[in-house]
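Okay, structure first, notes after.
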Amino acid sequence: MYIQTKRCIVRDFEYNDSDDFFEFLSDEETCLNDGGYLPFKEKDELFDAIMVKQSQDSGRFVVEVKEIGKVIGAIHLMEVDGNNEMLEIGYIFNPNYVGYGYAGETVSAVIDYFFNEMNINKFDAGVFPFNIKSKQLLKKLGFIYDHLEKDACKHEKLGMCDFEHYIKVKNNVFVFEKLTQRNALIIADEWKYDGDYAFYDISADIEDYNEFINEEQRNKNDMFQVFLEGELVGFFCLMRNDNEIEIGLGLKPSLCGKGLGKVFITEIEAFLMPRYKYDTLVMNVAKFNERAIKSYFSCGYVTTKVYKNYTNGKDYDFLEMKKIVNF
Ligand SMILES: CC(C)(COP(=O)(O)OP(=O)(O)OC[C@H]1O[C@@H](n2cnc3c(N)ncnc32)[C@H](O)[C@@H]1OP(=O)(O)O)[C@@H](O)C(=O)NCCC(=O)NCCS
């Protein structure tokens, strides 16, 4: 691979890069944060063997700053068993060159390259929970928190440590825009859900209906329409409360139950992440709505409260589900 960014080149690792590599592989904090291993004290046989192996491996790339011709970091891509559309990504940078935006510039270029040229549609990154700088970078790159892997890796100073996993999905499936009056009327008047799910027809509750079709009232919250290949397929609204954002959402009835739930929610989260400030996402869902509950659960939401809610003319059991965003 050979990618040029404004200031850097990302290319395959070569054995000749070993000296530049030693600069960051001999830094204790960098090595412990990267994989919990101890730094190299000298360029010994083990170091040399690792450099030889890396020069033979595929998926090992270096970041070279054009102006000085120096390798200041490395990006590592790994296949994920049984999934040829997803890659795990890792990176390590020379601490003397951190803070200049080189990591953001090059890691995002690699991700774009694999999304656009290589049929990859998802990246996973595992980081130690205490690696704040790396998590900040992932946030900047549009990754969202996915799950915690318990006892994922032995850290030489701390023993077994968990990994937080963050994912980034190729972001051009759904298009999000502010909800227009025309589409609010289509959703409110024409979208009718099957069977028990008719509970989610906007017209099932006259107060909700009146609010939804009134532009001024509706826009007390942030309302979005969702398009897929040019067709109106969903909506969502955001209710902000301090550091929490509650999300209400709906896919077009004819698209429900077709396996879109997780990607729909994941893309909404990816859309919110760079645009809003929050630490918790909240879903309030009727207990009978297993389809939504399973979707939320698969995106990392957990039940935080079970309660009764008077809506659509009677009391219903509801679940409050939350997801703490770990950045
Ligand atoms: C909630 C919603 C976004 C989920 O998206 P979806 O594309 O319909 O969901 P999926 O088809 O991906 O199904 C999600 C899970 O529910 C399961 N499921 C599908 N239909 C189901 C049904 N009728 N009963 C129980 N489980 C069902 C799926 O098998 C899947 O399970 P898995 O994760 O174990 O594979 C969508 O159904 C929707 O917008 N519904 C209408 C409004 C609504 O309910 N809004 C939520 C308000 S809180």
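This chain uses plain numbering: 1 for the first residue, then up along the sequence. We count ligands from 1, going down the list as the structure has it; atoms in each ligand are counted the same way.
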Centre of Phe123's six-membered ring, under 6.0 Å away, within 45 degrees of the axis: is that where NZ or CZ of Lys168 sits?
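Not satisfied by the 6.0 Å and 45° rule.
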Quick one: nearest non-hydrogen protein atom to [atom], plus distance?
atom	value
atom 14 (C) of ligand 1	Ser295 OG, 3.3 Å
atom 48 (S) of ligand 1	Tyr296 OH, 3.1 Å
atom 47 (C) of ligand 1	Tyr200 CE2, 3.4 Å
atom 7 (O) of ligand 1	Gly261 N, 2.9 Å

Got a protein heavy atom sitting under 4.0 Å from atom 35 (O) of ligand 1?
no
Asn214 side chain to Tyr209 side chain, donor-acceptor N/O pair below 3.5 angstrom:
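There is no such pair between these side chains.
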Need the ligand 1 atom indices (1-based, order shown) with element for anything under 4.0 Å from a heavy-atom of Gly257.
6 (P), 7 (O), 8 (O), 11 (O)
At a 4.0 Å threshold, what atoms of ligand 1 neighbour a non-hydrogen atom of Val285?
48 (S)
Region of Lys258 engaging ligand 1 - heavy atom pairs below 4.0 Å
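Backbone only.
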So which of Tyr193, Phe318, Tyr197 gets nearest to atom 22 (C) of ligand 1, if we judge by its closest heavy atom?
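The nearest heavy atom belongs to Tyr197.
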Out of Glu246, Lys262, Lys294, whose heavy atom is nearest to atom 30 (C) of ligand 1?
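The option holding the nearest heavy atom is Lys294.
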